[in-house]
Amino acid sequence: MASVAESSFPLLYQIKTQRRVTSSSTLRNSSLVRVSYPDGSLSFRGRSFVLGHRWKCVRRFEATGSGSSESASGDEPEDALQATIEKSKKVLAMQRNLLQQIAERRKLVSSIKESTPNLDDGEASSKEEYDDSSVNANTNATKKEKMDGDVNGSVSPDSYGKSSLNKETEAQTSSLGTDSLKKSKQSSAAVRSSSTVTSPEKPSSVATNGKPWSSVVASSLDPPYKPSSTLTSSEKTSDPVVSPGKPSNSHAGAFWSDPLPSYLTKAPETSTIETEKYMETREENNPEEASSESNEPGKDEEMPPPLAGANVMNVILVAAECAPFSKTGGLGDVAGALPKALARRGHRVMVVVPRYAEYAEAKDIGVRKRYMVAGQDMEVMYFHAYIDGVDFVFIDSPVFRHLSNNIYGGDRLDILKRMVLFCKAAVEVPWYVPCGGVCYGDGNLAFIANDWHTALLPVYLKAYYRDHGMMKYTRSVLVIHNIAHQGRGPVDDFSCVDLPSHYLDTFKLYDPVGGEHFNIFAAGLKAADRVLTVSHGYSWEVKTLEGGWGLHNIINENDWKFRGIVNGIDTKEWNPEFDNHLHSDDYTNYSVETLEIGKPQCKAALQKELGLPVRPDVPLIGFIGRLDHQKGVDLIAEAVPWMMSQDVQLVMLGTGRPDLEELLRQMEHQYRDKARGWVGFSVKTAHRITAGADILLMPSRFEPCGLNQLYAMNYGTIPVVHAVGGLRDTVQQFDPYSETGLGWTFDSAEAGKLIHALGNCLLTYREYKKSWEGLQRRGMTQDLSWDNAAEKYEEVLVAAKYQW
Ligand SMILES: Nc1ncnc2c1ncn2[C@@H]1O[C@H](COP(=O)(O)OP(=O)(O)O[C@H]2O[C@H](CO)[C@@H](O)[C@H](O)[C@H]2O)[C@@H](O)[C@H]1O
């Protein structure tokens with residue numbers, strides 16, 4: 001087993017003193033540092049130098065520029081080693097400074113705790129274990145709709161992804177507020193990273209006042225693409241430093257005796273490692289660190305071990321969207337938050353996502369690669385940012401540009417080719433993209449792929465590399481966020497994915513409606529080392545005929561590697577106490593302590609912003625989500641006449657199916673004094689509805705996890721949900737006798753059931769104020785953070801690592 005074999009090696013640090021080619025093709029010493037040791041990434045970025053173990057330098061030169069190579073012997077300058085030592089001293093100085101920061105933060109946290117003794121109360125999660133006997137997976141109709149779309153072997157764009165028509169995308173602001181409550185839970189990794197947090201995009205204002213919501217017009221905020229830095233041709237040619245695929249650990253060295261199969265991507269070239277640049281950036285950001293010269297190992301030893309302990313790994317999450325950079329729904333939120341939680345546990349974590357627009361934080365690292373996609377030669381560039389302890393790598397290509405508002409748009413083959421390019425490039429990122437100066441490498445590495453869009457990655461990892469003895473110690477985990485979208489197409493599509501012919505069978509799937517077809521999700525599920533989905537409830541549902549959308553057999557066959565882990569929430573982004581979107585327009589931040597004042601103020605601000613009567617006593621009901629069959633929007637529409645007969649206000653925010661968008665407009669038109677329908681995508685408005693509404697409706701027909709109900713509870717907004725998938729896992733039915741529970745649930749996707757549950761909810765709102773307050777407080781004091789889920793992801797990653 002990989003790590004057993006590795007751990008039998010004496011602790012060995014390799015310092016590669018490497019060379020790179022300058023733009024004038026002359027060689028200069030770059031003092032590049034690569035520190036690796038048997039457990040992989042534990043001591044990355046210089047930490048290994050403070051562990052106090054004996055270490056050994058192995059200096060080695062590698063090939064440089066245009067195919068030339070040099071022998072290691074003879075020409076290795078001593079000053080390179082000296083420079084390396086100098087760098088490590090600087091790293092030590094940085095660490096000491098950060099340790100001081102940790103100590104200061106600890107003091108701060110304990111002083112906050114002392115002054116507010118109740119802060120940690122109620123952190124216990126009230127999540128229930130899933131009881132599969134009563135799940136109501138009411139998905140037949142949805143399945144039918146999907147399968148209908150696949151008749152004749154052609155798949156509608158929608159079946160290739162969530163083809164949300166984002167009529168208005170709003171740049172989202174990352175909250176940089178100090179989340180003092182959760183800080184004490186974070187590992188030193190997070191604290192370390194805090195000094196390099198970069199401010200994400202600024203929010204753009206959305207003018208809505210005075211206009212009916214339905215008339216808010218789509219406006220793309222995707223800025224025009226500007227070519228990346230003008231590199232000289234020699235800079236564009238990456239020079240050989242790391243030999244990709246060539247395992248950094250000597251025990252795997254034999255792989256390279258095998259010739260590469262013809263379908264492999266071009267023999268990997270190399271990357272420019274920019275340690276110096278990285279160090280300079282760190283020094284610019286942290287002048288204090290830079291000026292500190294002393295080297296006191298004793299102090300460094302105080303650094304607490306990572307929460308993950310010996311399980312620390314390199315983790316690369318690959319997704320088609322990642323908030324706040326790109327988002328059409330919950331996948332974006334997960335890709336934005338889970339990696340940070342894994343980094344807080346001490347893992348070295350990277351997110352790889354397409355570069356749909358220019359992102360201020362992300363810098364062109366100057367590496368270019370070419371990939372063949374369906375016979376077309378395509379170049380990609382890599383942009384990098386280091387934010388909240390996570391490396392974000394953006395893959396740039398003309399095929400991704402300007403798609404922020406239409407990530408899953410275009411015709412079926414266009415989408416397929418984009419995902420092929422993305423997955424081909426992503427699987428090689430650990431070799432080519434130096435993050436903080438050092439590539440991740442392929443030892444002790446796990447990829448987390450998400451949904452069908454990146455389900456090709458586990459297949460490529462296997463077919464291109466592991467089948468050939470390469471990337472032996474790399475694992476892949478595939479997460480199902482929504483099995484309804486599978487990347488289906490006619491069998492001929494196989495020619496686009498560039499795989500050896502014997503892989504065709506792993507893609508072929510037969511179903512009664514579409515017949516034999518090509519299915520990317522099917523192949524990914526088979527190839528991945530582990531498969532996850534985003535709740536316990538959904539993990540049961542996808543194994544059923546109704547919930548598996550044709551993939552249930554494959555999931556059942558692979559049950560041994562399958563597990564459900566309930567999503568968490570980003571408690572920095574979605575926290576009423578620090579929410580940036582509540583800073584203006586009469587909104588306010590609030591916490592469980594200031595709920596009684598803060599939430600009514602947000603409600604009044606929302607009513608005012610929407611042009612609804614500002615009335616504190618009227619229950620304000622919200623809905624936020626993609627407008628499609630999954631979300632049960634039609635059930636709400638059926639219930640609207642009843643709702644409008646009550647003294648309530650209703651606000652719905654969504655984008656998606658044109659007929660459902662029209663429905664929102666009509667509703668607003670018909671009930672102007674009570675209802676608003678925002679057709680568009682506005683992160684700010686989603687936050688404001690979550691804060692200002694009293695009740696959140698989620699009548700989803702199926703819901704793998706659902707994030708809006710979690711956000712709602714964190715904001716003291718009471719969810720009324722169809723008890724299915726993750727909604728059933730996370731919203732415990734209110735019991736008035738024991739005063740327990742978190743909201744209202746109904747057990748089948750019918751308007752009548754929704755009305756019944758909502759009726760009880762409204763009664764409690766009006767007549768039982770204390771009970772209502774109890775519901776709000778219980779919801780707000782749950783620990784919904786990603787920290788719990790990240791620990792479970794870690795278990796899965798470790799299980800994958802030790803699996804052969
Ligand atoms: N018009 C709009 N304007 C602004 N924001 C909008 C919006 N419409 C939706 N959003 C936002 O998008 C996210 C939606 O998250 P969900 O988890 O509810 O749904 P989704 O079905 O996309 O995700 C899938 O993946 C996630 C993650 O695993 C699962 O929770 C879920 O069940 C599964 O269907 C929320 O952050 C919400 O605020």
Side-chain angles (χ1 to χ4, degrees), residues 139 142 161-172 206 213 216 218 319-324 326-338 405 407-408 448 450-453 479-485 532-535 537-539 541-542 564-570 573-574 581 622-633 651-656 660-661 664 677-691 693 696-712 714-715 717 719 721-722 724-730 786 789:
T139 55
T142 329
K162 297 165 271 182
S163 58
S164 312
L165 301 170
N166 300 338
K167 295 205 169 171
E168 183 177 342
T169 301
E170 186 184 318
Q172 192 181 350
V206 179
W213 271 31
V216 175
E321 56 183 274
C322 175
S326 49
K327 168 172 164 177
T328 69
L331 171 59
D333 286 355
V334 173
L338 168 62
N405 299 338
I407 289 176
Y408 307 104
I448 303 179
N450 296 275
D451 273 350
W452 83 263
H453 329 118
V479 185
I480 304 170
H481 298 266
N482 190 339
I483 210 164
H485 303 288
L532 280 176
T533 193
V534 290
S535 69
Y538 196 59
S539 74
E541 289 170 18
V542 292
I565 298 176
V566 178
N567 285 336
I569 67 171
D570 186 331
E573 287 293 320
W574 288 91
H581 304 288
F623 168 89
I624 303 160
R626 286 180 292 108
L627 301 180
D628 67 12
H629 192 71
Q630 174 191 348
K631 300 294 178 183
V633 187
V651 51
M652 295 182 70
L653 167 67
T655 182
L660 296 172
E661 291 184 347
L664 257 61
W678 177 301
V679 176
F681 195 91
S682 167
V683 172
K684 178 169 78 176
T685 309
H687 280 250
R688 290 179 165 186
I689 292 174
T690 306
L696 187 87
L697 285 184
M698 286 188 73
S700 308
R701 286 197 163 73
F702 67 96
E703 195 60 81
C705 177
L707 295 172
N708 286 317
Q709 83 280 11
L710 302 178
Y711 299 147
N714 213 34
Y715 282 67
T717 303
V721 306
H722 177 206
V724 71
L727 295 174
R728 188 174 188 281
D729 283 5
T730 56
W786 266 105

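One is the number of the first residue; the rest follow in order along the sequence. For ligands, and for the atoms within them, numbers begin at 1 and follow the listed sequence.
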*Asks:* Could you pull out the closest heavy-atom pair between V724 and E541, with the gap in Å?
*Replies:*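 What the structure gives for the nearest pair is CG2-OE2, 3.5 Å.
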
*Asks:* Taking T717 for the side chain and L696 for the main chain, is one N or O donor matched with an acceptor at less than 3.5 Å?
*Replies:* no

*Asks:* Of all the atoms in ligand 1, which lie at a distance below 4.0 Å from a heavy atom belonging to G654?
*Replies:*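 Every atom of ligand 1 under 4.0 Å from some heavy atom of G654: 1 (N).
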
*Asks:* So, is G330 polar-close to ligand 1, with some N/O to N/O distance under 3.5 Å?
*Replies:*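 Yes, since at least one N or O of G330 sits under 3.5 Å from an N or O of ligand 1.
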
*Asks:* Numbering the atoms of ligand 1 from 1, which are under 4.0 Å from a heavy atom of V534?
*Replies:*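 So the answer, numbered in order with elements, is 28 (O).
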
*Asks:* For the residue pair H485 / D451, report whether a side-chain donor-acceptor contact shorter than 3.5 Å exists.
*Replies:* no

*Asks:* Pull out every atom of ligand 1 sitting under 4.0 Å from any heavy atom of H481, numbered as shown with elements.
*Replies:*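 With H481 as reference, the close atoms of ligand 1 come out as 24 (C), 25 (O), 27 (C), 28 (O), 33 (C), 34 (O).
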
*Asks:* Has ligand 1 got any nitrogen or oxygen that is less than 3.5 angstrom from a nitrogen or oxygen of K631?
*Replies:* yes

*Asks:* Do M698 and ligand 1 have an N or O pair less than 3.5 Å apart?
*Replies:*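 It does not: no N or O of M698 is found under 3.5 Å from an N or O of ligand 1.
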
*Asks:* Does an N or O from I624, backbone or side chain, lie closer than 3.5 Å to an N or O of ligand 1?
*Replies:* no

*Asks:* Tell me the nearest of T328, N567, N708 to atom 37 (C) of ligand 1, using heavy-atom distances.
*Replies:*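 The option holding the nearest heavy atom is N708.
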
*Asks:* Check ring pair (Phe, Tyr, Trp, His ring centres under 6.0 Å) between Y711 and all other residues, then give those that pass, not counting sequence neighbours.
*Replies:*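 Ring pair (Phe, Tyr, Trp, His ring centres under 6.0 Å) check on Y711 returns W574.
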
*Asks:* Look at the side chain of D729 and the backbone N and O of G537, then say whether any donor-acceptor pair between them is shorter than 3.5 Å.
*Replies:*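 Flag set: sc D729 to bb G537 pair under 3.5 Å.
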
*Asks:* Does the R626 side chain pair with the main chain of K631, one donor and one acceptor, at a distance under 3.5 Å?
*Replies:* no

*Asks:* Based purely on interatomic distance, does L707 place a nitrogen or oxygen under 3.5 Å from a nitrogen or oxygen of ligand 1?
*Replies:* yes

*Asks:* I need the atoms of ligand 1 closer than 4.0 Å to a non-hydrogen atom of S682, numbered in the order shown.
*Replies:*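 Those qualifying, in numeric order: 3 (N), 4 (C).
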
*Asks:* Please check this pair: side chain of T533 against backbone of I480, looking for a donor-acceptor N/O pair closer than 3.5 Å.
*Replies:* yes

*Asks:* If the cut-off is 4.0 Å to any non-hydrogen atom of P704, which atoms of ligand 1 fall inside it?
*Replies:* 32 (O), 33 (C), 34 (O)

*Asks:* Give the numbers and elements of all ligand 1 atoms closer than 4.0 Å to a heavy atom of G625.
*Replies:*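 This gives 8 (N), 9 (C) as the contact atoms.
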
*Asks:* For S700, which residues count as a side chain to side chain donor-acceptor pair (under 3.5 Å) partner, sequence neighbours excluded?
*Replies:*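 Listed in chain order: E703.
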
*Asks:* In Å, rounded to the nearest 0.5 Å, how long is the span from OH of Y538 to NE2 of H481?
*Replies:*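 Rounded to the nearest 0.5 Å, the OH-NE2 separation comes to 11.0 Å.
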
*Asks:* If you measure from each heavy atom of H687 to ligand 1, is any distance below 4.0 Å?
*Replies:*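 False for this residue.
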
*Asks:* Numbering the atoms of ligand 1 from 1, which are under 4.0 Å from a heavy atom of D333?
*Replies:*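 Those qualifying, in numeric order: 13 (C), 35 (C), 36 (O).
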
*Asks:* Considering both backbone and side-chain atoms of G706, is one of its nitrogen or oxygen atoms within less than 3.5 Å of a nitrogen or oxygen in ligand 1?
*Replies:* yes

*Asks:* With heavy-atom distances below 4.0 Å as the criterion, list the atoms of ligand 1 near G329.
*Replies:*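 Within the 4.0 Å cut-off of G329, ligand 1 contributes 12 (O), 13 (C), 14 (C), 22 (O).
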
*Asks:* Of the side chain and backbone of Y711, name the one, both, or neither that has a heavy atom under 4.0 Å from an atom of ligand 1.
*Replies:*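 Side chain only.
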
*Asks:* How long is the gap from CG on L697 to CG on N708, to the nearest 0.5 Å?
*Replies:*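 Output value for this atom pair is 11.5 Å.
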
